[in-house]
K.L.:
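Dumping the structure here so I can ask a few things about it.
Computed over heavy atoms, backbone and side chain alike; hydrogens, waters and symmetry mates excluded. Letters A, B, ... mirror the listed sequences (proteins, then strands); counts begin at 1.
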There are 2 protein chains.
Amino acid sequence: MANMKEIARLSRVSLGTVSNVLSGLPTVSEPLRLRVMAAVESLGYQPNQLARGLRRDKTNIIGMIISDVSNPFFPAVVKGAEDTAFNNGYRLFLCNSDNNFAKEETYLRELQTYLPSGLIIMTSDIKGSTKLAEAYRAAGSHVVYVDRLPHQWDGDTVTSMNEQGSYDATKYLLSLGHKRLAMISGPSLLTNSGERVAGFRHALEEAKIKLPAKYIQEGDFNKQSGYEKACFLLQMDPRPTAIFAANDLLAFGAMNAIRDMGLRCPEDISVIGFDNLDLAEVVTPPLTSVEQSGYNLGAVAAQLIADRIRGDGSPRRAHVLPTTLKLRASVAKVPKEKATRKITK
Amino acid sequence: MANMKEIARLSRVSLGTVSNVLSGLPTVSEPLRLRVMAAVESLGYQPNQLARGLRRDKTNIIGMIISDVSNPFFPAVVKGAEDTAFNNGYRLFLCNSDNNFAKEETYLRELQTYLPSGLIIMTSDIKGSTKLAEAYRAAGSHVVYVDRLPHQWDGDTVTSMNEQGSYDATKYLLSLGHKRLAMISGPSLLTNSGERVAGFRHALEEAKIKLPAKYIQEGDFNKQSGYEKACFLLQMDPRPTAIFAANDLLAFGAMNAIRDMGLRCPEDISVIGFDNLDLAEVVTPPLTSVEQSGYNLGAVAAQLIADRIRGDGSPRRAHVLPTTLKLRASVAKVPKEKATRKITK
DNA sequence: GTGAAAGCGCTAACAT
DNA sequence: ATGTTAGCGCTTTCAC
């Protein structure tokens with residue numbers, strides 16, 4: 001590949017002048033600038049980012065650590081981050097931690113030596129990662145935690161209104177007469193899951209509805225887990241009339257469990273999810289869900305980094321993005337007590 | 001961050017020795033090796049990948065260009081590639097082209113200056129990208145095209161058995177008595193779409209079934225497009241009794257259209273998709289679909305690159321991964337002519 | 001306004 | 001077996 005030396009030779013100027021032209025310094029005279037640009041064009045020259053980064057002590061990379069690309073909520077976050085980063089001249093280096101903190105740590109350590117301008121991190125460990133994140137900061141990289149937050153982090157964050165969204169969903173169920181509400185939560189260590197549980201509890205407390213301990217089952221944010229926890233809930237006596245699932249995957253699993261046990265959604269059991277995945281409207285019945293914008297989660301995080309790089313030195317930002325309850329057919333009024341179906345399998 | 005010079009000072013050896021220790025050269029004496037390792041440990045030293053890459057003229061980056069992260073089929077491909085790359089010591093630099101060739105080109109040009117060891121590319125332009133890919137090769141990077149192939153590419157590739165899978169799906173519909181089979185294809189420029197159409201045609205020709213030109217509608221691999229094309233097909237006279245969609249998103253859209261027009265799937269119309277997304281079994285009715293492994297697509301591509309880097313100089317490889325028809329409830333026997341429902345809306 | 005030269009952190013060739 | 005040194009491609013002083 002052509003390098004700067006060749007451009008310099010071809011346009012009969014010094015190395016420094018080529019650099020100045022490429023950096024857009026206004027001190028270069030027009031004739032020289034044109035000669036350099038012509039050479040750049042003719043050779044299709046692209047500056048070597050490795051050398052530039054090494055010299056500048058900073059690259060145009062924004063690292064992004066996510067816990068699992070294959071969870072259908074995350075691609076939207078990645079896309080939002082990638083779009084925004086690209087439009088600001090940054091490139092996304094994607095690292096998939098597989099919810100494995102050791103892998104996350106390996107990535108964090110090595111990624112840092114690529115001297116990224118920023119880091120967007122969806123941590124898989126609420127406790128451990130801030131020390132490494134501090135190292136990024138110390139090296140002049142801007143760090144934003146997204147979706148789930150570590151304790152002990154005093155920097156920028158972007159999350160959704162998990163508690164409010166869950167509160168709204170629960171109030172909605174209550175408004176339809178439901179009194180036996182159960183929840184399938186995510187891993188209790190994750191702050192987003194904790195907030196969703198808090199919103200659920202909050203609404204129930206306000207309505208003075210008592211919540212049997214077993215009515216909250218801790219799942220794992222995937223369909224399989226939703227299926228299993230729903231099976232447990234559906235066999236309880238009394239059986240809940242509504243299930244609030246902490247994400248749509250859990251809700252899909254719950255809907256499958258309801259069907260497999262010979263019950264009907266929403267006639268026997270109402271279900272609400274969280275995320276409002278594209279496919280919430282494809283399942284039958286279409287799933288009522290708390291919408292959060294994964295795209296914006298990523299986009300706001302990337303924009304925050306771009307702003308910080310441009311010198312925005314304002315105090316810590318904690319963006320909390322709105323949620324909206326999307327009403328669909330998976331929720332109905334509470335069934336009359338007599339009408340309650342027996343499980344048929 | 002600590003650098004090699006500090007390690008050298010701390011362990012009282014020369015820079016070169018530190019380098020030799022870190023590169024695992026056996027020529028270093030044990031005492032010195034231990035001293036160096038101790039210093040590395042105590043400072044948590046990580047080699048600067050920018051400097052190393054600049055010097056070695058190659059980094060441990062594998063670039064990956066995909067057309068759209070938010071298409072639910074692709075995250076599995078990314079995950080397969082990332083897993084395999086990571087396990088071989090490589091890191092994935094993810095670029096999202098948004099099906100925009102200009103963006104793809106920008107990424108390709110810039111990414112190359114990061115001196116990646118390899119490139120996995122799902123091109124958005126069947127014609128144009130090979131020139132740039134050749135430049136990667138010339139620079140010693142290994143390139144694998146995945147999922148859809150450019151014409152004019154004589155290097156390594158990984159794809160699924162698109163034609164065979166589609167042939168199987170079509171044969172299955174024929175075996176159930178369907179005679180009026182329609183297809184919603186993907187963009188005709190993409191080779192994967194073309195192969196799926198070919199498999200469909202092939203099976204029909206074998207069965208001597210004539211295919212009205214309008215029975216193949218070209219869609220765009222998304223749900224919206226599936227909905228629109230299905231609406232068109234459903235209003236044709238005679239109406240097809242089965243629709244083969246070139247991917248599951250198109251199939252989901254088609255199923256929505258069928259429902260919205262007051263028809264029933266599978267009683268009035270059978271539907272088969274391609275990809276077998278997780279959600280194929282969640283929709284109602286569960287979708288019959290040609291399964292392909294996105295994970296393996298990515299994993300095989302990454303492994304191919306890792307092998308090439310290790311010196312595998314064998315001739316061009318064209319991996320073609322198997323597909324499997326997953327039978328579910330979205331397909332039924334052809335309805336009796338009399339039973340054919342009128343469109344109710 | 002332009003050019004010369006130092007140096008970012010590392011590797012590899014060479015000298016000892 | 002270990003140390004010394006040139007140089008990867010670039011940016012950024014500093015002379016002129």
Side-chain angles (χ1 to χ4, degrees), chain A residues 1-37 39-40 43-61 109-117 139-141, chain B residues 1-37 39-40 43-61 109-117 139-141:
Chain A
M1 266 193 328
N3 60 22
M4 240 167 87
K5 218 154 115 191
E6 289 183 58
I7 303 294
R9 196 170 39 75
L10 208 77
S11 47
R12 287 161 289 127
V13 300
S14 75
L15 218 56
T17 299
V18 177
S19 176
N20 288 338
V21 170
L22 292 172
S23 311
L25 287 207
T27 64
V28 185
S29 74
E30 195 59 11
L32 281 204
R33 210 185 62 77
L34 289 176
R35 257 170 38 213
V36 169
M37 291 311 286
V40 164
L43 293 187
Y45 169 75
Q46 290 272 123
N48 181 312
Q49 297 289 340
L50 249 32
R52 172 178 279 184
L54 181 61
R55 189 53 234 248
R56 285 193 176 158
D57 204 31
K58 200 92 331 196
T59 62
N60 68 342
I61 290 175
R109 288 189 196 287
E110 183 176 314
L111 174 62
Q112 192 177 3
T113 73
Y114 275 104
L115 310 182
S117 288
S141 297
Chain B
M1 265 194 326
N3 61 20
M4 239 167 87
K5 219 154 115 191
E6 288 183 57
I7 302 294
R9 196 169 41 73
L10 208 76
S11 47
R12 286 161 290 128
V13 299
S14 75
L15 215 56
T17 300
V18 176
S19 177
N20 288 339
V21 170
L22 292 172
S23 311
L25 288 207
T27 64
V28 185
S29 75
E30 194 58 14
L32 281 204
R33 211 186 61 76
L34 288 176
R35 251 161 53 204
V36 169
M37 290 312 286
V40 165
L43 292 187
Y45 169 76
Q46 291 272 123
N48 182 312
Q49 297 288 342
L50 248 32
R52 171 177 282 184
L54 181 59
R55 191 51 235 251
R56 285 193 177 157
D57 203 32
K58 201 90 334 200
T59 60
N60 68 343
I61 291 175
R109 287 190 196 287
E110 183 176 315
L111 175 61
Q112 192 177 5
T113 73
Y114 274 106
L115 310 183
S117 288
S141 297

K.L.:
Please find the pair of heavy atoms, one from B:A51 and one from A:L54, that lie closest to each other, and give the distance.
P.N.:
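Nearest pair, atom of B:A51 first, then A:L54: CB-CD1, 3.9 Å.
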K.L.:
For residues 46-57 of chain B, which residue pairs pass the side-chain hydrogen bond (donor to acceptor under 3.5 Å, both in side chains) check, not counting sequence neighbours?
P.N.:
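Every pair satisfying side-chain hydrogen bond (donor to acceptor under 3.5 Å, both in side chains) with a residue in residues 46-57 of chain B: there are none.
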K.L.:
So, for B:L111 and B:P116, which heavy atoms are closest and what is the spacing to 0.1 Å?
P.N.:
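Taking every non-hydrogen atom into account, O-CD, 3.4 Å.
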K.L.:
Taking the side chain as everything from C-beta on, heavy atoms only, tell me whether A:N60 gets closer than 4.5 Å to B:Y114.
P.N.:
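Yes - at least one pair of side-chain heavy atoms lies under 4.5 Å apart.
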K.L.:
Do B:K58 and B:S141 come close enough that some side-chain heavy atom pair is under 4.5 Å?
P.N.:
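Result yes, sub-4.5 Å side-chain heavy-atom pair found.
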K.L.:
side-chain hydrogen bond (donor to acceptor under 3.5 Å, both in side chains) with A:T17: which residues, sequence neighbours excluded?
P.N.:
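If we apply the side-chain hydrogen bond (donor to acceptor under 3.5 Å, both in side chains) test to A:T17, skipping adjacent residues, the hits are A:S14.
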K.L.:
Can you name the closest pair of heavy atoms from A:T59 and A:S117 and give their distance?
P.N.:
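Minimum heavy-atom contact is O-OG, 2.5 Å.
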K.L.:
Reading DNA chain D from 5' to 3', where do the contacts with chain A start and stop? Cut-off is 4.0 Å to heavy atoms.
P.N.:
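Taking any atom under 4.0 Å from a heavy atom of chain A, the span is D:dG9 to D:dT12.
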K.L.:
Under the side-chain hydrogen bond (donor to acceptor under 3.5 Å, both in side chains) rule, collect the residues that match up with A:N3, sequence neighbours excluded.
P.N.:
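Expected list: none.
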K.L.:
Please collect all salt bridge (charged side-chain N to carboxylate O under 4.0 Å, His left out) contacts where either partner lies in residues 4-16 of chain A, sequence neighbours excluded, each pair once.
P.N.:
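Checked against salt bridge (charged side-chain N to carboxylate O under 4.0 Å, His left out) - neighbours excluded - no pair reaches residues 4-16 of chain A.
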K.L.:
May I ask you to test the B:L32-B:V21 pair for a side-chain heavy-atom distance under 4.5 Å?
P.N.:
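Side chain of B:L32 against side chain of B:V21, heavy atoms only: no contact under 4.5 Å found.
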K.L.:
Which of residues 22-36 of chain B have a heavy atom under 4.0 Å from DNA chain D?
P.N.:
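Result for residues 22-36 of chain B: B:T27, B:V28, B:S29, B:L32, sorted by number.
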K.L.:
For chain B and DNA chain C, what are the first and last nucleotides along the strand, 5' to 3', with at least one atom under 4.0 angstrom from a heavy atom of the protein chain?
P.N.:
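Boundary nucleotides touching chain B, in 5' to 3' order, are C:dG9 to C:dA12.
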K.L.:
What are the residues of residues 43-60 of chain B, sorted by number, that bring a heavy atom to within less than 4.0 Å of DNA chain D?
P.N.:
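Heavy-atom cutoff 4.0 Å gives B:L54, B:R55.
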K.L.:
Using five pairs at either end of the helix from C:dG1-D:dC16 to C:dT16-D:dA1, determine the angle between the two local helix axes and round it to 10 degrees.
P.N.:
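End-to-end axis angle for the helix from C:dG1-D:dC16 to C:dT16-D:dA1: 50°, rounded to 10°.
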K.L.:
Which residue pairs pass the salt bridge (charged side-chain N to carboxylate O under 4.0 Å, His left out) test when at least one of the two sits in residues 18-36 of chain A, sequence neighbours left out?
P.N.:
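Checked against salt bridge (charged side-chain N to carboxylate O under 4.0 Å, His left out) - neighbours excluded - the pairs reaching residues 18-36 of chain A are A:E30-A:R33.
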K.L.:
Heavy-atom nearest nucleotide on DNA chain D for A:G16 versus B:G16: which residue maps closer to 5'?
P.N.:
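This one resolves to B:G16.
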K.L.:
Given side chains that start at C-beta, do those of A:L22 and A:V40 come closer than 4.5 Å, heavy atoms only?
P.N.:
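Sidechains of A:V40 and A:L22: in contact.
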K.L.:
What closest approach, in Å, do A:A8 and A:V18 show between heavy atoms, and which atom pair accounts for it?
P.N.:
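Looking at all heavy atoms of both residues, the shortest contact is CA-CG2, 3.7 Å.
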K.L.:
Excluding sequence neighbours, so at least two apart, what forms side-chain hydrogen bond (donor to acceptor under 3.5 Å, both in side chains) with A:N20?
P.N.:
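By the side-chain hydrogen bond (donor to acceptor under 3.5 Å, both in side chains) rule, A:N20 matches no residue at all.
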K.L.:
Which heavy atom of A:A39 sits nearest to which heavy atom of A:L10, and what is that distance?
P.N.:
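It is CB-CD2, 3.7 Å.
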